[in-house]
Every structure is written in structure tokens, then in C-alpha cells.
Amino acid sequence: VGKKNDANAMVIVTNQGVVLVDTGNNQSDTRDIAAKIKSVTDQPVRWVVISQYHGDHFGGSPYFTPPVTLIVHDRVAKDLAAMRPHQIKAWRKRFPERAKALENLAPKDMMMSFPNNMTLNLGGKRIELIYVEDQYNIGDVAVWLPDVGVMHGSFAAYKDRHPDIRSEEHTSELQSH
């Protein structure tokens, strides 16, 4: 889900709720991702994995928080915890309709982090979060679904061009899982 030359979002539907990997760069992208999720499930988004701390991955997080839990690498957690008041205020204002829900919150209030790798077992699905050391993208995390052989590579998969996984054939194939 997303658009060319921007972060790819991944949606994992479980019977315990939706896991979203990355949230879009701006309000319209994030709302588009949310609409696409609603088109395939009535399950709520409960977890958001941030694959790296750039706006096109993290920018839509206030749309989903609360009640979702942001799952980030420890290096990203450190940066989120160090956000200055003006940064937190700007984060809260990204989605005006969420202002009331966010008025006393900061991203660090809704996050959990991990140091290297983490495995989530949610609704019968195993989701492996794999930290990839990268000097350019702190906290780069690949998301691996071993049972179906699908990976969201984050920036770790970047080679010579931005990876674009949104072709129609792959979208319908992934929806069947």
C-alpha cells in the first residue's frame, strides 16, 4: 500500500487485529492506507511497526494512536523519547480529528521497543521483526512472515532504486493469505 518512491506499507490481518507496517508520509497517504485496511477487514489496527524513523514511515502514526501500540527498534525509541515539546505538538496536529485523543500524549507513551529481533505471535500468525544495522536509517527493521514467505524489507531491501511491491498481481496474491 502506498505510492511510488515512498515507503511501502504492509498490512497483516490477524484474528486479534491488524498489524500495520509503516503509516504513510502525509494525511492523504495515511487515510488511503486506513481505507484500504477497512476494505479487506473490519478488524481494528492494534499494532504499528515502524521500520525506520523517517516521515514516510512514521508520519501517519498519530492517525492510529491511541489505541495502537507503536513497535520500534530501541534506537528509534530513544529518538522518540527525546522529542522536544514543539515536535510533539506538531505530531499531535498532523490529524486534526485526532487532537482530543492525543492532547496529553507523545509517541513514547504508546510504544514498545526491542534491541535486536522480536517475534510476534498474533492471531495464528508469526511475525518476525529483524533489526538491520544501518548507519543511514537508525532502527531499520525488516518484517518477515515465515509461514507465507513474505518480507517487508524496509530500507535494508533498497538497492539502486526504491523497492515498489504494490503491483496489482502481488496485492491480490497477498490478500488471499
Side-chain angles (χ1 to χ4, degrees), residues 1-2 6-25 30 33-34 36-38 40-83 105-159 162-166 170-177:
V1 182
D6 222 340
N8 294 299
M10 176 187 237
V11 176
I12 306 160
V13 179
T14 80
N15 58 17
Q16 288 181 267
V18 173
V19 178
L20 173 60
V21 181
D22 294 333
T23 61
N25 195 28
T30 302
I33 291 168
K36 286 181 172 143
I37 292 169
K38 287 181 182 185
V40 296
T41 185
D42 59 358
Q43 290 280 359
V45 176
R46 297 204 186 270
W47 303 274
V48 171
V49 177
I50 302 299
S51 70
Q52 59 175 272
Y53 191 38
H54 284 178
D56 56 332
H57 302 263
F58 176 73
S61 64
Y63 187 82
F64 300 100
T65 55
V68 305
T69 300
L70 296 175
I71 303 173
V72 300
H73 183 266
D74 284 350
R75 291 178 71 188
V76 173
K78 182 179 175 185
D79 278 4
L80 291 176
M83 284 178 79
L105 295 173
K108 68 178 179 133
D109 299 328
M110 287 131 340
M111 74 177 173
M112 62 185 286
S113 68
F114 61 97
N116 290 309
N117 299 332
M118 177 182 212
T119 299
L120 305 170
N121 291 293
L122 302 168
K125 301 205 176 174
R126 188 172 65 172
I127 304 162
E128 296 180 11
L129 309 179
I130 305 161
Y131 170 63
V132 180
E133 180 70 36
D134 186 336
Q135 291 178 339
Y136 177 68
N137 296 300
I138 66 152
D140 206 359
V141 174
V143 179
W144 171 238
L145 305 174
D147 298 333
V148 293
V150 173
M151 176 177 271
H152 179 289
S154 183
F155 204 74
Y158 183 95
K159 177 147 176 58
H162 196 281
D164 188 2
I165 61 170
R166 292 175 298 271
H170 291 138
T171 301
S172 61
E173 180 183 318
L174 293 176
Q175 287 175 344
S176 68
H177 292 287

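What you see below is based on every heavy atom in this structure, not just the backbone, and it leaves out hydrogens, waters and symmetry mates.
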Pairs of donor and acceptor atoms involving the side chains of residues 9-18, under 3.5 Å and at least two apart or interchain, shall be tabulated with distances.
residue	atom	partner	partner atom	Å
Thr14	OG1	Gln16	N	3.0
Thr14	OG1	Gly17	N	3.2
Thr14	OG1	Gly17	O	2.7
Gln16	OE1	Gly123	N	2.4

> Among Leu129, Val143, Val141, which one satisfies side chain to side chain contact (heavy atoms under 4.5 Å, CB included) with Val21?
Replying inline: Val143
> Which heavy atom in Asp74 sits nearest to a heavy atom in Ser113, and how many Å separate them?
Replying inline: OD1-OG, 2.7 Å
> Do Ile127 and Val49 come within less than 4.5 Å of each other through their side chains, counting heavy atoms only?
Replying inline: no
>> If you compare all heavy atoms of Pro146 against all heavy atoms of Glu128, which two are closest, and at what distance to 0.1 Å?
In response: CG-OE2, 3.6 Å
>> Lys108 vs Met111, test: side chain to side chain contact (heavy atoms under 4.5 Å, CB included). Steps then yes/no.
In response: CA-CA 5 Å; Lys108 68 178 179 133; Met111 74 177 173; 3.7 Å; yes
>> Between Phe64 and Leu20, is the side chain to side chain contact (heavy atoms under 4.5 Å, CB included) condition met? List the steps.
In response: CA-CA 10 Å; Phe64 300 100; Leu20 173 60; 3.6 Å; yes
>> The criterion is side chain to side chain contact (heavy atoms under 4.5 Å, CB included); which residues satisfy it with Asp42, sequence neighbours excluded?
In response: none
> Residues in side chain to side chain donor-acceptor pair (under 3.5 Å) with Tyr63, at least two apart?
Replying inline: none
>> To the closest 0.5 Å, what do you measure between CE (Met151) and CD1 (Ile130)?
In response: 4.5 Å
> What do the steps show when you test Arg126 against Thr119 for side chain to side chain contact (heavy atoms under 4.5 Å, CB included), and what is the final call?
Replying inline: CA-CA 7 Å; Arg126 188 172 65 172; Thr119 299; 3.6 Å; yes
>> For a quick test of reading the model, state the closest non-hydrogen atom pair linking Thr23 to Ser61 and the distance between them.
In response: OG1-N, 3.2 Å
> Quick one: side chain to side chain contact (heavy atoms under 4.5 Å, CB included) partners of Thr65, sequence neighbours excluded?
Replying inline: Val68, Leu70, Trp91, Leu102, Met110
> Atom CG in Leu122, atom CH2 in Trp47: separation rounded to 0.5 Å?
Replying inline: 4.5 Å
>> Is any side-chain heavy atom of Asp22 closer than 4.5 Å to one of His152?
In response: yes
> What residues, two or more places apart in sequence or in another chain, satisfy side chain to side chain contact (heavy atoms under 4.5 Å, CB included) together with Asp109?
Replying inline: Leu105, Ala106
>> Enumerate the ring-ring contact (aromatic ring centres under 6.0 Å, His included) contacts for residues 109-129, please, sequence neighbours excluded, ordered by first and then second residue.
In response: His73-Phe114
